2 protein chains.
Amino acid sequence: MIRKDLTPAMEDYLKGAYLLRERGEDITVLALAEALKVTPPSVTGMVKRLAGLGLIEHTPYRLIELTPAGTAVALEIVRHHRLLELYLAEFLGMAWDEVHSEADRLEHHISEDLEERIAERLGQPAIDPHGDPIPARDLTLPERDLVRLSALRPGVQATIARVSNQEPGLLHYLGTLGMVPGAVVTFVEVAPYGNVVTVKVGAGKGAVHSIAGEVASRVLTMPTSDEVAAPH
Amino acid sequence: MIRKDLTPAMEDYLKGAYLLRERGEDITVLALAEALKVTPPSVTGMVKRLAGLGLIEHTPYRLIELTPAGTAVALEIVRHHRLLELYLAEFLGMAWDEVHSEADRLEHHISEDLEERIAERLGQPAIDPHGDPIPARDLTLPERDLVRLSALRPGVQATIARVSNQEPGLLHYLGTLGMVPGAVVTFVEVAPYGNVVTVKVGAGKGAVHSIAGEVASRVLTMPTSDEVAAPH
DNA sequence: CTAGAAAATTAGGTAAGCTTAACTTCGGTA
DNA sequence: TACCGAAGTTAAGCTTACCTAATTTTCTAG
């Protein structure tokens, strides 16, 4: 394996591409531009350079794909990011809505040695504070199949496993509702009109809250009842 | 106080200038170029830009000085650096010869919030693993007057307080001799020819080691006997 | 008080990474 | 099938931060 010497910007593009694919979305110029908050021409230019390095596969006007080498780089950065998030939460008391932006900056600058020391202190963890999986040292990923909160049937109880969103405001809000990874929720209903989901939060007689459908689709759960997902 | 938005490169120049002054050296273009491992024209260019921002005082061909604003920025970075060094050593088990390069990269990327959390975990420390003073939150510096190991009189006992050097190789070597901050040494002699200093390391009957004069001048001590410094 | 070396600066150039403006290509619908 | 809008690309240009080569300034020693 050749030692890659990539800039933070390059790492960001690779990570961005990886995260799009992780969410099941196509890697397009526009999607990357939005994810990285740059303009489309910037993406075209960087994609060309990364393709030249063998990290990205791209024919003009077609979809972008990460090569295995590019995926490896992205996983390394994602590992840094999620280890840092967990470390900052666990050992430095940062809230789950604060850790993302800090990790976003530090992820490009920690050495392999520090990465390993952090992983060791955390006991080689598999999940970060948002429930996102942490790639292992060999860059393999723990796999779980989760169900979107918005896709549960009424009456089904589930444990929140992952919240796929990084906006501090939204995360903070979900925190105030108690809707964090590990929390137990029961699906109540979908509003007949509009896109609103109502859930009960807590194991026994918990509080009932309504959240927007787009938010509920970012909350991934492990259902505890048998009949689980609503049809379609 | 206006929010400064400086690049890591700019911060490095300001820190470099500050550290030269801390060592009592003149801030020249050449000295900065060597400290930052860039060429003199790079320094001239950056100095011009930092002068434009009011962080540096400079008339062409004259010595460079930091303004109070520039000093404040430098102290902030030095605080980050030394807090990180201590944190990495204390909480992540890194050796004193490894922490410097890690801190050098991270110092530009930690938030004020993280800085404060780290300082808190460490108990608002005043000294880093090399014995270098850590600027306080208000950027004031704890002052100690120390004596170079190379300037002690024969027979004087002293505690090593600070080692002003960052080369991992040298630091590691001094570590193997037990010559680290906190260690007690007794000055034995200066070799009659050449520039070699001999000391006994340890409180009771310690091992005797000889080190180069340039190294001994980087080791700063708090003498415990009364008659302390050699004349001249 | 002047020559020459050392230090600093200017001139000119490169690369990364971004921008806006102008264009091409693609794909779906009339 | 031809067109039109959206997506992508090319073109031109900016800033940061570096470089080498050439020039200028300063200081010191004779």
Side-chain angles (χ1 to χ4, degrees), chain A residues 3-17 20-21 23-66 70 73-74 77 104-105 107-109, chain B residues 3-18 20-21 23 25-66 70 73-74 77 104-105 107-109:
Chain A
R3 257 250 151 286
K4 300 283 174 195
D5 189 20
L6 303 178
T7 62
M10 290 172 170
E11 293 177 347
D12 273 336
Y13 280 86
L14 296 171
K15 183 183 73 160
L20 283 170
R21 214 189 46 181
R23 285 193 234 123
E25 297 173 28
D26 281 346
I27 306 171
T28 64
V29 167
L30 196 59
L32 261 183
E34 278 162 7
L36 300 175
K37 297 187 193 303
V38 297
T39 57
S42 300
V43 175
T44 299
M46 183 60 93
V47 161
K48 217 177 276 180
R49 283 199 292 137
L50 293 172
L53 294 171
L55 300 170
I56 269 185
E57 200 81 60
H58 187 228
T59 22
Y61 298 102
R62 293 270 106 88
L63 287 183
I64 296 159
E65 289 302 336
L66 285 167
V73 172
I77 302 301
D104 244 6
R105 278 173 288 110
E107 65 190 6
H108 306 294
H109 304 287
Chain B
R3 259 250 150 284
K4 298 287 175 192
D5 188 22
L6 303 177
T7 61
M10 289 171 171
E11 293 177 347
D12 274 336
Y13 280 86
L14 294 171
K15 183 183 74 159
Y18 175 82
L20 283 170
R21 212 189 47 180
R23 285 194 234 123
E25 297 173 27
D26 281 346
I27 307 172
T28 64
V29 168
L30 196 59
L32 261 183
E34 278 163 6
L36 301 175
K37 297 187 193 301
V38 296
T39 59
S42 300
V43 175
T44 299
M46 183 61 93
V47 161
K48 216 177 276 181
R49 284 202 289 139
L50 292 173
L53 294 172
L55 300 169
I56 269 184
E57 199 82 60
H58 187 227
T59 21
Y61 298 100
R62 292 271 107 88
L63 288 184
I64 296 159
E65 288 303 336
L66 285 167
V73 172
I77 301 301
D104 245 4
R105 276 173 288 112
E107 65 191 7
H108 306 292
H109 304 286

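Numbers restart at 1 for each chain; the letters A, B, ... are given by sequence-line order, proteins then strands. Computed from a predicted model, the values in this text were never measured in an experiment.
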Nucleotide nearest Val38(A) (side chain, heavy atoms from C-beta), chosen from dC18(D), dT19(C), dT9(D): dT19(C)
Heavy-atom check, side chain of Leu55(A) versus side chain of Leu66(A), under 4.5 Å: no
From dC18(D), dT10(D), dG17(C), nucleotide with atom closest to Ala9(B) side chain: dC18(D)
Distance in angstrom units between Lys48(B) NZ and dA11(C) P, rounded: 8 Å
Listed nucleotide nearest any side-chain atom of Thr44(A), set dT10(D), dT24(C), dT20(C): dT10(D)
Candidate nucleotides dT9(D), dT10(C), dG17(C), ranked by approach to the side chain of Thr7(A) - the nearest: dG17(C)
Length of the line joining Tyr13(A):OH and dA16(C):C1', which is rounded to integer Å: 11 Å
Between P of dT25(D) and CG of Leu63(B), the distance in whole Å: 18 Å
Identified side-chain contact (heavy atoms from CB on, under 4.5 Å) counterpart of His58(B) within the set Ile64(B), Leu50(B), Ile27(B): Ile64(B)
Proximity to the side chain of Ser42(A) - top-ranked nucleotide from dT19(C), dT9(D), dT9(C): dT19(C)
Atom pair distance, as rounded to whole Å: NE2 in His58(A) and C1' in dT10(D): 14 Å
Sugar-phosphate, base or nothing in reach of Pro60(B), heavy atoms under 4.0 Å: sugar-phosphate
Glu34(A) CD to dG8(D) P, straight-line distance once rounded to whole Å: 10 Å
Side-chain heavy atoms of Tyr13(B) within contact of Leu6(B), under 4.5 Å: no
For atom CE of Met46(A) and atom C1' of dG17(C), their distance in whole Å: 6 Å
Residue mapping more 5' on DNA chain C - nearest nucleotide basis, Arg62(B) or Lys37(A): Arg62(B)
Shortest side-chain distance from Tyr61(A), nucleotide among dC26(C), dA8(C), dA11(C): dC26(C)
Rounded distance (Å) that lies between atom P of dA15(C) and atom CG of Asp5(A): 16 Å
From dT25(C), dT10(C), dA16(C), nucleotide with atom closest to Arg49(A) side chain: dA16(C)
Per Met10(A) side chain, nearest of listed nucleotides dC19(D), dG17(C), dC18(C): dG17(C)
Distance in angstrom units between Asp12(B) CG and dA17(D) C1', rounded: 12 Å
Lys15(A) and Leu36(A), any side-chain heavy atoms less than 4.5 Å apart: no
Close side-chain approach of Leu14(B) and Ile56(B), heavy atoms under 4.5 Å: yes
